[in-house]
Amino acid sequence: MGKQREVVGVVVRDKIDKGVLVAVERRVRHGLYGKIQRRTTKFMAHDEDNCAKVGDWIAMVESRPLSHRKRFVVTRVVKRDETG
């Protein structure tokens with residue numbers, strides 16, 4: 001089996017049963033001017049135990065397609081949100 005891609009992001013929505021919407025931020029250099037820019041991509045991830053809440057930082061790995069949009073599985077909660 002190939003190497004699975006692991007990404008870390010923040011949960012932005014947890015209303016889905018056994019799923020979360022995760023925003024993953026990456027930094028890219030502008031092609032012409034060279035300025036570093038932030039790009040955000042949202043991924044759906046499978047959360048079997050519904051343990052991740054909005055604001056939590058989670059790690060997830062790529063998997064086979066679990067539904068129409070879910071392609072990742074939550075592996076662990078990296079940091080809990082302390083504001084709530």
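All values below come from the heavy atoms of this structure, side chains included, with hydrogens, waters and symmetry mates left out.
At least one donor-acceptor pair under 3.5 Å links the side chain of N50 to the backbone N or O of K18. Panel note: side chain R29, backbone G34; a donor-acceptor pair is recorded below 3.5 Å. For the pair T75 (side chain) and A59 (backbone), a donor-acceptor distance under 3.5 Å is present. Not one N or O on the side chain of D81 forms a donor-acceptor pair closer than 3.5 Å with the backbone of D56. A donor-acceptor distance shorter than 3.5 angstrom exists from the side chain of R71 to the backbone of H68, with no hydrogens or angles considered. Judged purely by atom type and a 3.5 angstrom limit, D47 has no side-chain atom pairing as donor or acceptor with the backbone of V20.
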Original post:
Going through the checks in order, is the salt bridge (charged side-chain N to carboxylate O under 4.0 Å, His left out) test met by K42 and E25?
Top reply: CA-CA 9 Å; K42 293 180 182 175; E25 191 175 277; over 6 Å; no

**OP:** Quick one: do W57 and V8 satisfy side-chain contact (heavy atoms from CB on, under 4.5 Å)? Show the steps, please.
**Re:** CA-CA 7 Å; W57 284 85; V8 176; 3.9 Å; yes

**OP:** Please report the C-alpha distance between V24 and R26 in whole Å, then the side-chain angles of each, then the deciding distance to 0.1 Å, and finally whether the side-chain contact (heavy atoms from CB on, under 4.5 Å) criterion is met.
**Re:** CA-CA 7 Å; V24 175; R26 59 191 169 90; 5.8 Å; no

**OP:** Could you walk me through whether R13 and V54 pass side-chain contact (heavy atoms from CB on, under 4.5 Å), step by step?
**Re:** CA-CA 6 Å; R13 188 163 184 261; V54 173; 5.5 Å; no

Subject >> I16/H46 under side-chain contact (heavy atoms from CB on, under 4.5 Å): CA gap, chis, key distance, verdict >> reply: CA-CA 9 Å; I16 309 119; H46 183 68; over 6 Å; no

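Heavy atoms only, all atoms of each residue included: Q4 and E62 are closest at NE2-O, 3.6 Å. The heavy-atom pair separating A52 from I58 by the smallest distance is CB-CG2, 3.9 Å. Closest of all the heavy-atom pairs between M60 and A45 is SD-CB, 3.6 Å. What you find for F72 and R5 is that their closest heavy atoms are CZ-NH2, 3.4 Å.
Taken to the nearest 0.5 Å, the NZ atom of K70 stands 15.5 Å off from the CZ atom of F43.
A heavy-atom distance below 4.5 Å is not found between the side chains of R64 and V73.
One hydrophobic cluster holds both M44 and V12 under the rule that ILVMFWY side chains link at heavy-atom gaps under 4.5 Å. Cluster annotation: V78 is connected to V10 through the hydrophobic network of ILVMFWY side chains, with a link wherever side-chain heavy atoms come within less than 4.5 Å.
For H30 and K35, the side-chain atoms include no donor-acceptor pair closer than 3.5 Å.
Counting heavy-atom neighbours within 6.0 Å of R80 CZ, excluding the residue itself, gives a total above 12.
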